**Q** 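Input: one structure, supplied below.
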Amino acid sequence: MPEEDHQLPYRQVLDAALTWVCAAHDATGGNGVSAGYDLRTGWQPTYPETSGYLIPTLLRGAVALDRPELADRAARIGGWLLGLQRPDGSFPGGTGTEGPAVVFDTGQILLGLSALHRHTGGPELSESAVRAGDWLLDAQQPSGAWLSHFDHPNTYSSRVTWALAELWRATGEPAYLAGVRRSLAWLLEQVRPDGWIDGMSFSAEHTAWTHTIGYALRGLLRCADLVEAELPDAARRCADAAVTCAVRLAGVRTDLDPLLPGEIGPGFTPLVDYACLTGDAQFVTVWLDVARRTGDETVRGRAVAVLDRLAGLQVHQPLEPAAVGALAGSWPLSGGFEPLAFPNWAAKFLADAVLEHAADARRRHPALTAERS
């Protein structure tokens, strides 16, 4: 583990990860953030979705590291995204800027625009967010589900519901809360008696990566917090479902320990012998959140052990200068998630994990004076 700062543990990890994100932003000429760096082909095209959800991470990192230029980057990314929004309120899906509209991608960009609006107050951001939220409502299925990239009802789009809940909090618009209510009702129908949640993969033919499982659980936990006062029963049940699933996953042990196997199936069954490092980074945040809610020190310990392992796997040696600070898609590198590549979302969730670890430490030890979130 890198030398620790008493105010911000893993500071060097956070600084390196966000410096690499800046390089990924520069690689596109400032037109969003490159999807990542591939050892075979170099920098990948820009990725609007992940550029959007990098905005909150950059804003938090700017404060934690006293690097105001990171907030400037976030504002530039937001301005670029505003130029991509289509007349119906949606955003292009996938990499590049010409893809068809995708619900999940638009939801993640909405999360970024909402965070940037809270930071700057720009009216153009609020107007854009409302247009995106209205499009998401129109795209919601009568059942309350959102469809995936493969037109599959999925539970990892709880992160879309989270974005809509954030928009409801900002605007007070009842239609957004109604959309959240419908989504949460559908999500809760997907919870199995053993705690597994169906629909956490791209389609019925795919297995669930820890990446998409992490999406599902983080979205449920954030929704529970945002609508607790207005939808108390749904919020409680969503939090309980996420906690149960996360605790069961913390009990999964394989030769990859403390990392999780990259793909996991119903019954919490390990399916592969590689780790999806993006998912592991996401689970640091999820498990620390669960530990805060439950006081479960075993779960907290697993989170810290994973973060320590990820800190060691972050690229530090300049054998490939473009990858320094990045986190690979898989461990080993040839694994089934973004093989031989360093996706920008892996660096994003690694940074989020460090920030959440610092926040958890402050809650437990108020004398610490790390970054203010």
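Every value quoted in this text rests on a predicted model; they were computed, and no experiment measured them.
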**Q** Checking the side chain of S34 only, and the main-chain atoms of G36 only, is there a donor and an acceptor separated by less than 3.5 Å?
**A**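 Yes.
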**Q** Step through it carefully: locate the ring centre of Y37, locate the ring centre of W20, and say whether they are under 6.0 Å apart.
**A** no
**Q** Would you kindly say whether S114 and H117 are connected by a side-chain donor-acceptor distance under 3.5 Å?
**A** no
**Q** Judged by atom type as modelled, is there a donor-acceptor pair below 3.5 Å linking the side chain of Q314 to the main-chain atoms of L327?
**A** no
**Q** Is there a path of hydrophobic side-chain contacts, each under 4.5 Å between heavy atoms of I/L/V/M/F/W/Y residues, joining L184 to L147?
**A**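 In one cluster with L147: L184, no.
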**Q** Is the positively charged end of R309 above the ring of W331, judged by distance under 6.0 angstrom from the centroid and angle within 45° of the axis?
**A**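 Judged by the rule (NZ or CZ under 6.0 Å from the ring centre, within 45° of its axis), R309 counts as positioned above W331.
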**Q** Please answer whether the main-chain N or O of T161 pairs with a side-chain N or O of R222 as donor and acceptor at a distance below 3.5 Å.
**A** no
**Q** So do L136 and V160 actually touch side chain to side chain, heavy atoms under 4.5 Å?
**A**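 Heavy-atom side-chain distance check passes, below 4.5 Å.
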**Q** OG1 of T278 to CZ of F342: how many Å apart, nearest 0.5 Å?
**A**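 Those atoms lie 11.5 Å apart.
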**Q** Is D273 atom CG crowded by more than 12 heavy atoms from other residues, nucleotides or ligands, each under 6.0 Å away?
**A** no
**Q** Is D105 reaching over with its side chain to a backbone N or O of G94, donor-acceptor style, under 3.5 angstrom?
**A**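 Present.
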**Q** Determine the sole option in R292, R218, R363 for which the salt bridge (Lys or Arg N to Asp or Glu O under 4.0 Å) test with E356 is passed.
**A**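 Only one of R292, R218, R363 forms a salt bridge (Lys or Arg N to Asp or Glu O under 4.0 Å) with E356, namely R363.
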**Q** Looking only at the side chains, is there a donor atom on one of T28 and T46 sitting less than 3.5 Å from an acceptor on the other?
**A**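 No - no donor-acceptor pair under 3.5 Å links their side chains.
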**Q** Would the distance check show the side chain of Q44 and the main-chain N or O of G42 forming a donor-acceptor pair, the cut-off being under 3.5 Å?
**A**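 Checked: no pair found.
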**Q** Near Q317 CD, under 6.0 Å, is it more than 12 heavy atoms from other residues, nucleotides or ligands?
**A** no
**Q** Surrounding CG of D255 (heavy atoms of other residues, nucleotides or ligands, distance under 6.0 Å), is the total greater than 12?
**A**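 No, because the 6.0 Å sphere around CG of D255 holds 12 heavy atoms or fewer from other groups.
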**Q** Checking the side chain of D360 only, and the main-chain atoms of D289 only, is there a donor and an acceptor separated by less than 3.5 Å?
**A** no
**Q** S330 side chain to P339 main-chain N or O, any donor-acceptor pair under 3.5 Å?
**A** no
**Q** Against F104, only a single residue in Y156, F202, Y53, W146 fulfils ring pair (Phe, Tyr, Trp, His ring centres under 6.0 Å); can you say which?
**A**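 Of Y156, F202, Y53, W146, ring pair (Phe, Tyr, Trp, His ring centres under 6.0 Å) with F104 is met by Y156 alone.
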**Q** For a quick check under 3.5 Å, do N344 and T50 share a side-chain donor-acceptor pair by atom type?
**A**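 Side-chain D/A pair, N344 to T50: present.
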**Q** Decide whether Q190 and T155 meet the rule of one side-chain donor and one side-chain acceptor closer than 3.5 Å.
**A** no
**Q** Closer than 3.5 angstrom, by distance alone: can the side chain of T212 be matched with the main-chain N or O of A208 as a donor-acceptor pair?
**A**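 No.
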**Q** Counting only N and O atoms by type, is there a donor-acceptor contact under 3.5 Å from the side chain of Q85 to the main-chain atoms of S128?
**A** yes
